[in-house]
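Reading through the structure tokens given below for one structure.
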Amino acid sequence: MSLDIETILCRAGYMNNYSYLLTDRETGISAIVDPSEAEPVIARCNELGHKPSYILNTHHHFDHTEANLEIKNYYQANVIGAEYDKNRIPGIDETVSDGQFWMLGKSKAEIIRVDGHTIGHILWYFPNDKALFTGDTLFNLCIGGLFEGSAEEMFSSLNKIKNLPGDTLFYPGHEYTLQSLPFALHLNLNNPILQNYITEAQKRLRRGLPAGPIALNTEKQCNPYLMAQTLTEFKQLLNRE
Ligand code: ZN
Ligand code: FE
């Protein structure tokens, strides 16, 4: 493990976005994933004495990019986003594409394109650190809505996630666990792994912590959208929401 990960709650109490402060331990170089609100991000960085050199975006939506310019100016940080989003991510300096590697100091990230929530949405995957930043593609027990992509595209994007190592921890773009609970439970009432997932998540949330991060292996056995084995099943699920 070469990466430290700090979760920062933004837009607390209404959108409950998560921004993340990533620090490469060896070099001390750091980055912010999806700065949706400047104040909590700057407060936490200053508290920890970090000056992020980069902003890493998963997709263009305002609740993931709205503080880009403020953070960029405050820290002189470079904004990195998908090539597809080059005209719609504020302050973008450098673009990345599917399959490309990108280095945060000595920590290696791989870019995985996941069309569905938006076209051109990307995941930031740090294979050596077993960390995956999923933006609005994968949440705890649910997935992001299809704003731009099709069910087919989302299904194949989720398959990319399912094919990553099961011990990878994922870090979503919002805290949606409690909202997603009833639907997941309704479909999967007698699943002991889900029962345990919920108990642990509720404990953590009550202590003011994020519900996650959760390992993909566990998520695959509890998240109804990852449990759908065929496109037909997946589409039926989308219609039942
Ligand atoms: Zn979004
Ligand atoms: Fe969002």
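Read the numbers this way: they start at 1 and go in the same order the structure lists the ligands and their atoms.
Checking His64 against the Zn ion (ligand 1), every N/O/S atom stays at or beyond the 2.8 Å cut-off. Look at His64 and the Fe ion (ligand 2): an N/O/S atom of the residue is under 2.8 Å from the metal. Checking His59 against the Fe ion (ligand 2), every N/O/S atom stays at or beyond the 2.8 Å cut-off. For His121, every N, O or S atom stays at 2.8 Å or more from the Zn ion (ligand 1).
Centred on the Fe ion (ligand 2), the OD2 atom of Asp136 and the NE2 atom of His174 lie at an angle of 110°, reported to 10°. When NE2 of His59 and OD2 of Asp136 are joined through the Zn ion (ligand 1), the resulting angle is 100° to the nearest 10°. The NE2 atom of His117 and the ND1 atom of His61 subtend an angle of 80° at the Zn ion (ligand 1), given to the nearest 10 degrees.
Ring centroid separation for the pair His61 and Phe147 comes in under the 6.0 Å cut-off. Between Tyr171 and Tyr18, the ring center distance fails the sub-6.0 Å criterion.
For the residue pair Glu153/His117, the side-chain donor-acceptor check at 3.5 Å is not satisfied. No side-chain donor from either of Trp102 and Glu110 sits under 3.5 Å from a side-chain acceptor of the other.
Stacking of Lys108 on the aromatic ring of Phe101 is recorded, both the 6.0 Å distance cut-off and the 45° axial limit being met.
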Test Leu216 against Ile161 for side-chain contact (heavy atoms from CB on, under 4.5 Å), laying out the working first.
-> CA-CA 8 Å; Leu216 289 180; Ile161 294 177; 3.8 Å; yes

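When distances from the Fe ion (ligand 2) to the N, O or S atoms of Asp63 are compared, OD2 comes out shortest.
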